[in-house]
Amino acid sequence: NNTPTSSFFDSLETVFDSWSFLNYLAVTNMFANLDSYIGSGHNYYIFNDSTGQHFRWIAWDVNESFGNFMMSFNANTIQTMPYDYVSSATNRPLATKMLADPIYRARYLQCLCNFMPYFNNNMMDAKIDSLANVIRADVYADNLKSYTNQMFEDNIIMQTGMTPGIKSFISARAASLTSQLSFTGCWLGTPEISNAFSLSLFPKPAQNSVQLL
């Protein structure tokens, strides 16, 4: 809170895992999860990792993603939420000061750019459908739920009441972020590498050197 702007970056880097936090910040904004540090101020831990002498950010309870926790927004405006939104400059000093620092801000934009090629319906709809298939029978069997079976089905693809649809949210949010980030020059299309690959390390545990296989 009290570190002068001129020494903020160097000071924070000595005690904080900034990259993991910036990735968290980018994904939290991308999915418009405001029941989080950037919105309500909830649902995170800061872990003092004594092995690396750095504090590390741990997110949890992300069930309000896809614009479900709106605060001052509504179902339409949350999909066009600013790419650097923080609910309170006074009460969110870490994000506010990092986004005001030119180095951290550039890194934050890099995090967003890295994720954008994967944040679209082509990449996510099949996963959404597979998860809906896993829970559908139990949803239908739940007689105490606060919505109908048809609302469950509809909300997968479109807004129901005040709740954004999962697939329609992704489409609208991706379009908004693409427009907002157009000034950065980052690649916002389909990732060029679509096939997953794996690496193996040898020997395990490693001593002074390792081989990548």
Side-chain angles (χ1 to χ4, degrees), residues 1-50 52-120 164 169-170 172-189:
N1 288 13
N2 302 317
T3 303
T5 300
S6 59
S7 56
F8 178 72
F9 177 85
D10 290 335
S11 296
L12 189 61
E13 284 298 288
T14 64
V15 296
F16 188 54
D17 180 3
S18 61
W19 271 113
S20 65
F21 176 73
L22 290 170
N23 276 294
Y24 158 83
L25 205 63
V27 171
T28 301
N29 182 289
M30 182 173 287
F31 283 90
N33 176 20
L34 296 186
D35 193 21
S36 66
Y37 174 80
I38 68 170
S40 64
H42 295 166
N43 300 328
Y44 65 91
Y45 293 100
I46 302 176
F47 171 63
N48 183 9
D49 185 354
S50 59
Q53 302 301 316
H54 280 72
F55 287 92
R56 304 189 188 279
W57 194 270
I58 300 175
W60 68 286
D61 194 11
V62 295
N63 68 301
E64 302 286 3
S65 298
F66 300 96
N68 196 42
F69 189 89
M70 299 178 194
M71 294 185 64
S72 60
F73 295 92
N74 59 46
N76 293 320
T77 59
I78 199 168
Q79 297 173 140
T80 58
M81 187 177 76
Y83 72 91
D84 57 355
Y85 176 80
V86 179
S87 63
S88 169
T90 302
N91 295 326
R92 307 292 182 271
L94 179 61
T96 300
K97 294 189 73 170
M98 288 181 77
L99 291 175
D101 180 272
I103 299 176
Y104 282 136
R105 189 172 186 83
R107 290 183 177 181
Y108 172 71
L109 288 170
Q110 181 181 343
C111 292
L112 277 173
C113 289
N114 289 343
F115 290 129
M116 279 299 293
Y118 303 94
F119 187 72
N120 58 68
F169 169 86
I170 292 169
R173 185 73 181 134
S176 175
L177 287 173
T178 297
S179 176
Q180 292 184 57
L181 295 172
S182 60
F183 73 95
T184 65
C186 64
W187 173 250
L188 300 175

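Being a predicted model, the structure only gives us computed values, none of them experimental.
The two residues Ser11 and Thr14 come nearest to each other via the heavy atoms O-OG1, 2.6 Å. Of all the heavy atoms in Met70 and Ala75, the pair that sits closest is SD-N, 3.5 Å. The nearest pair of heavy atoms linking Ser88 to Thr96 is O-OG1, 3.9 Å. Closest approach of Gly67 to Ile78, counting heavy atoms only: CA-CD1, 3.7 Å. The two residues Ser87 and Met71 have their closest heavy-atom pair at CB-CE, 4.2 Å.
Expressed to the nearest 0.5 Å, how far CG of Leu177 lies from SG of Cys113 amounts to 10.5 Å. Expressed to the nearest 0.5 Å, how far CD of Gln79 lies from CZ of Phe66 amounts to 12.0 Å. Asn63 CG to Asp35 CG: the interatomic distance, rounded to the nearest 0.5 Å, is 7.0 Å. Distance check, rounded to the nearest 0.5 Å: CG of Asn43 to CD1 of Ile58 gives 13.0 Å. In this structure, the separation between CG on Asn91 and CG on Leu94 is 13.0 Å, given to the nearest 0.5 Å. To the nearest 0.5 angstrom, Leu12 atom CG is 6.5 Å from Ser18 atom OG.
Under 3.5 Å, the side chains of Asn74 and Thr77 contain a donor-acceptor pair of N or O atoms.
In this structure the side chain of Leu181 reaches within 4.5 angstrom of the side chain of Met116, judged on heavy atoms. In this structure, the side chains of Phe9 and Pro102 stay at 4.5 Å or more apart for every pair of heavy atoms. Counting heavy atoms from C-beta outward, Tyr37 and Ile46 have side chains that stay 4.5 Å or more apart.
Shown here are the salt bridge (charged side-chain N to carboxylate O under 4.0 Å, His left out) partners of Asp49, two or more places apart in sequence or in another chain: Arg56.
Not less than 6.0 angstrom separates the ring centroid of Phe169 from the ring centroid of Phe31.
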| request: Could you walk me through whether Arg105 and Asp84 pass the side chain to side chain contact (heavy atoms under 4.5 Å, CB included) test, one step at a time? | output: CA-CA 9 Å; Arg105 189 172 186 83; Asp84 57 355; 2.6 Å; yes
| said: For a side-chain hydrogen bond (donor to acceptor under 3.5 Å, both in side chains) check, start with the C-alpha distance between Thr28 and Asn33, then their side-chain angles and the critical distance, and finish with the verdict. | reply: CA-CA 5 Å; Thr28 301; Asn33 176 20; 5.3 Å; no
| request: Starting from the C-alpha separation in whole Å, work towards a yes-or-no answer on side chain to side chain contact (heavy atoms under 4.5 Å, CB included) for Trp19 and Gln110. | output: CA-CA 11 Å; Trp19 271 113; Gln110 181 181 343; 3.8 Å; yes
| task | Mind running side chain to side chain contact (heavy atoms under 4.5 Å, CB included) on Leu34 and Met81 for me, showing each step along the way? | result | CA-CA 11 Å; Leu34 296 186; Met81 187 177 76; 3.7 Å; yes
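Checking each of Tyr104, Phe47, Phe21 against Phe16 for a ring pair (Phe, Tyr, Trp, His ring centres under 6.0 Å) leaves exactly one that passes, namely Phe21. The side-chain hydrogen bond (donor to acceptor under 3.5 Å, both in side chains) with Arg173 is formed by just one residue from the set Thr80, Asn29, Thr178; it is Asn29.
Annotation for Tyr83: atom OH counts as buried by contact number, over 12 foreign heavy atoms lying within 6.0 Å.
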